[in-house]
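Comments concern the structure below.
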Amino acid sequence: MASDSDVTIPSKIKAWVYAKRGNPVDVLKLVPDVGVPEIKEDQVLVKVVAAALNPVDFKRALGFFKHTDSPPPIVPGYDVAGVVVKVGDQAKKFKVGDEVYGDIIEKAVDHPKQHGTLAEYTAVEERLLALKPKNLSFVEAASLPLAIETAYEGLERAGFSPGKSILVLGGAGGVGSLVIQLAKEVFGASRVAATSSTGKLDLLKSLGADLAIDYTKENFEDLPEKFDVVYDAVGQSERAVRAVKEGGSVVTISGKATPPAVLFFLTSNGSVLEKLNPFLESQKIKPVIDPKGTFPFSQALEAFSYLQTGRVTGKIVIHPIP
């Protein structure tokens, strides 16, 4: 086991915590003296450098899946980029000092951890982490895990393969912006179409979309062109199923799924990040962070407030912590 004697870990840390469910802006409090989480033998302790927010964070706080959630108090946050400061006895993959990133919650809506990433330190199973790509900042790395793994898992579930066409609903969002890039660069799509509002059409094209559809001006389901796969990142599966070819696939990550669409929730897995690291290091795939999307730790409430507008381009990241 790596020596962690040279790393001083405090006994109390700062974290954002909610003791009861509700709108994060109302229920989240900055607590100065939370205990550092104990690590299990298959876990590492990570000094959090940056953490990203995802829609699941506010949906969880609001109680969307309270029947399968862990009880409060809860430190929110799924995505992390940081430095390993302590290693469990059975953890073999990382050593103290390694820069890592990942989605620390294995099953997104099934008893997620009470202690997430909006804290100075967090404990995480090493199988959920990967080494941070060398060319990415901690902010860029933190923006990726949940969104890129969700994008990848959805494409796999849809049976996406080289030569197929895809329509991405919500192409400028955290997940959609990565679906466009993965479909093109990793899966070998023949044609990628994506929807966004007027101001974000150029972004879609820069990410690799062959056809950028302005949803404020046209209905994608009325286009004569149909697609092998529709990836619905916005919760419009009722419309999405009208844009797919006969025998094609529709996956959705939000709302109810209208058959034949399939709704799925991510299972986090560090090996997916390891597989995608070369594409990130060669810059074939780039993180997309909102122009005003980096908020200091003290402004987590403002970050949640902005996230809940639904107008975010790419991702929002909390940095520095503290």
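Side chains are part of it too, since the values below use all heavy atoms of this structure and drop only hydrogens, waters and symmetry mates.
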### Task
Please step through salt bridge (charged side-chain N to carboxylate O under 4.0 Å, His left out) for the pair Asp214 and Lys217, ending with a clear verdict.
CA-CA 6 Å; Asp214 183 343; Lys217 299 202 170 108; 3.5 Å; yes
### Task
Show your reasoning for whether side chain to side chain donor-acceptor pair (under 3.5 Å) applies to Asp232 and Ser237.
CA-CA 6 Å; Asp232 167 26; Ser237 71; 4.8 Å; no
### Query
Stepwise, does the salt bridge (charged side-chain N to carboxylate O under 4.0 Å, His left out) test hold for Lys113 with Glu125?
CA-CA 11 Å; Lys113 289 184 174 75; Glu125 294 77 9; 2.7 Å; yes
### Message
Check for me whether Lys14 meets the cation-pi criterion with Phe297, that is, NZ or CZ under 6.0 Å from the six-membered ring centre and within 45 degrees of the ring axis.
### Response
no
### Message
On the six-membered ring of Phe64, is Lys59 placed so that its NZ or CZ lies under 6.0 angstrom from the centre and within 45° of the ring axis?
### Response
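Relative to the ring axis of Phe64, which defines the angle, Lys59 lies outside at least one limit.
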### Message
One pair to check against side chain to side chain donor-acceptor pair (under 3.5 Å): Tyr152 and Lys275. What are the steps and the verdict?
### Response
CA-CA 11 Å; Tyr152 186 88; Lys275 192 183 297 183; 3.1 Å; yes
### Message
Does atom CG (Asp202) have a neighbourhood of more than 12 heavy atoms from anything else shown, all under 6.0 Å?
### Response
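It does not: Asp202 CG has 12 such atoms or fewer within range.
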### Query
Given side chains that start at C-beta, do those of Arg21 and Pro72 come closer than 4.5 Å, heavy atoms only?
yes
### Query
Just wondering, do Glu218 and Leu223 contact through their side chains at under 4.5 Å, heavy atoms?
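Yes. Closest side-chain heavy atoms under 4.5 Å.
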### Query
Phe264, Ile148: one ILVMFWY side-chain cluster at the under-4.5 Å cut-off?
yes
### Query
For Arg60 and Asp57, what are the C-alpha separation, side-chain angles and deciding distance, and is it a salt bridge (charged side-chain N to carboxylate O under 4.0 Å, His left out)?
CA-CA 5 Å; Arg60 181 184 183 189; Asp57 288 304; 5.9 Å; no
#### Entry: Output field: ring centroids Phe220/Phe227 closer than 6.0 Å
no
